[in-house]
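Below, chain A is the first sequence line, B the second, and so on; all start at residue 1. Just so it is clear, the values below take in all heavy atoms, side chains as well, and ignore hydrogens, waters and symmetry mates.
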Amino acid sequence: MPELPEVEAVRRRLQRDAVGARIVHSDVRRAGTIAPQEVNAFRASIEGARIIDARRRAKHLFLPLDNGVTLHMHLRMTGNVYVLPDCRFPPLRARLLFTLEDGRALTFDDPRCLGRVHAVATDDLAASLPPLGPEPLDGTFSLKTFVDIARKSQMPAKLFLMDQSKIAGLGNIYAAEALYEARIHPAAPTAALSTVRLGRLYSAIRQVLEVAIPCCERAYAKPGHFAEADEYPMAVYGREGLPCPRCRTLVARMAQGGRSTYFCPRCQRGVL
DNA sequence: TCGATCCTGTAG
DNA sequence: CTACAGGATCGA
């Protein structure tokens, strides 16, 4: 279940397990997973092709094939992708099953069925993506870029961080954790934040994500392949009523954009 | 910019 | 039973 660190961990696993493999058969067990694409066309465009790379942009995963088609995957809330050792024993929640030449299988697993997989011409891939802001871990993502974007938006900081068209890859967990690290109130409009605070937020975003990626890799390495960020030392997310690690004040929860925001009411104060 | 919606599972 | 879940899109 994916924010940038989880998706990156999945990408690395696919790089190791799936790149180089040839897809000999595909089983669309739930048509909604590839909607609005049509099952026969989807299958025809990928069967027989070899996976030549595993890439990521924001929370999107891409498996380019050697026939000019790319499998574009989005895990949404509960999706997971991994290689099974034996295609004869697919997991219960496999929505898509790709049999590989050597008898293994690539599985798209998704209990809630919110995830999507599409077959897209590789040349058209960039144009088919929704608007995405800069990659926070990209070397070209500078503080100046971040400040420029943040100063243009009146959105509350938490919603700003979760808006993929502003900064790509953060979700409910790491947005909350980054704001905590930067000691910024989730409701503070980014345009009103001081340069010092924006600098702290910029650093916190990168730090939180960089720490989280190896945590996710460790979690995925456990038996069962289940995607949990349970190795990451959460300071506030999901910890309502528990003490803040810094000041012992009890972590609070508020609603923003229909989702839960966790924060420390003492450490994360003020708008300036 | 908010709320409803897509789906299913799990916890209380 | 209700509330909630790491995401995103759509229409009002």
If the [atom1] atom of [N] is compared with that of [M], how far apart are they to the nearest Å?
N      : M      : atom1 : value
dC4(C) : dC7(B) : C1'   : 14 Å
dC6(B) : dC1(C) : C1'   : 22 Å
dT2(C) : dT5(B) : P     : 16 Å

Closest non-hydrogen atoms of S128(A) and V120(A), given as atom of the first, atom of the second and distance, are OG-CG1, 4.1 Å
Heavy-atom closest pair, residues R57(A) and G133(A): NH2-O, 2.9 Å
For the residue pair Y202(A) / Q207(A), report whether a side-chain donor-acceptor contact shorter than 3.5 Å exists. no
Scan side-chain atoms only and decide if Y82(A) and D109(A) contain a donor-acceptor pair under the 3.5 Å cut-off.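 On atom types as modelled, these side chains qualify, holding a pair under 3.5 Å.
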Can you tell me if Y262(A) touches the phosphate of dA5(C), counting only side-chain N or O atoms and a distance under 4.0 Å to OP1 or OP2?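 So the side-chain polar atoms of Y262(A) do come within 4.0 Å of the phosphate oxygens OP1 or OP2 of dA5(C), strictly under.
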Is S260(A) close enough to dC4(C) that one of its side-chain N or O atoms is under 4.0 Å from OP1 or OP2 there?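 Indeed not, no polar side-chain atom of S260(A) lies that close.
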Any donor and acceptor pair, going by atom type alone, linking the side chain of [X] with main-chain N or O of [Y] inside 3.5 Å?
X       : Y       : result
N172(A) : S260(A) : yes
E177(A) : V236(A) : yes
T107(A) : A94(A)  : no

Heavy atoms only, 4.0 Å cut-off, all strands: where does [X] land among base, sugar-phosphate and nothing?
X       : answer
F160(A) : nothing
R116(A) : nothing
R95(A)  : nothing

Close side-chain approach of V211(A) and Y232(A), heavy atoms under 4.5 Å: yes
Quick one: which protein N/O atoms are closer than 3.5 Å to N/O atoms of nucleotides 10-12 of chain B? Pair and distance per line, please.
none

Can you pull out every salt bridge (charged side-chain N to carboxylate O under 4.0 Å, His left out) where at least one residue sits in residues 78-92 of chain A? Sequence neighbours excluded, please.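 Sorted pair list: D86(A)-R88(A).
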Mind jotting down which residue pairs meet the salt bridge (charged side-chain N to carboxylate O under 4.0 Å, His left out) criterion with at least one end in residues 236-256 of chain A? Sequence neighbours excluded, please. E240(A)-R253(A)
Separation of [N] [atom2] from [X] [atom1] (nearest whole Å):
X       : N      : atom1 : atom2 : value
K158(A) : dC2(B) : NZ    : P     : 12 Å
R253(A) : dA3(C) : CZ    : P     : 12 Å
R30(A)  : dC6(B) : CZ    : P     : 13 Å
L75(A)  : dA5(C) : CG    : C1'   : 15 Å

In the 5'-to-3' direction, what one-character label does each nucleotide of nucleotides 7-12 of chain C receive under the scheme B = base within less than 4.0 Å of a protein heavy atom, S = sugar-phosphate only, - = no such atom? BSS---
Sequence neighbours excluded, which residues qualify as side chain to side chain contact (heavy atoms under 4.5 Å, CB included) partners of H74(A)? K59(A), H60(A), R76(A)
Quick one: stems involving DNA chain C, counted as three or more successive Watson-Crick or G-U pairs, both distances short of 3.5 Å.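 Consecutive-pair runs (3 or more) involving DNA chain C: B:1-6 with C:7-12, B:8-12 with C:1-5.
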Classify the ring geometry between F160(A) and F146(A) as parallel (under 30°), tilted (30 to 60°) or perpendicular (over 60°).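 Ring orientation, 0 to 90° scale: perpendicular.
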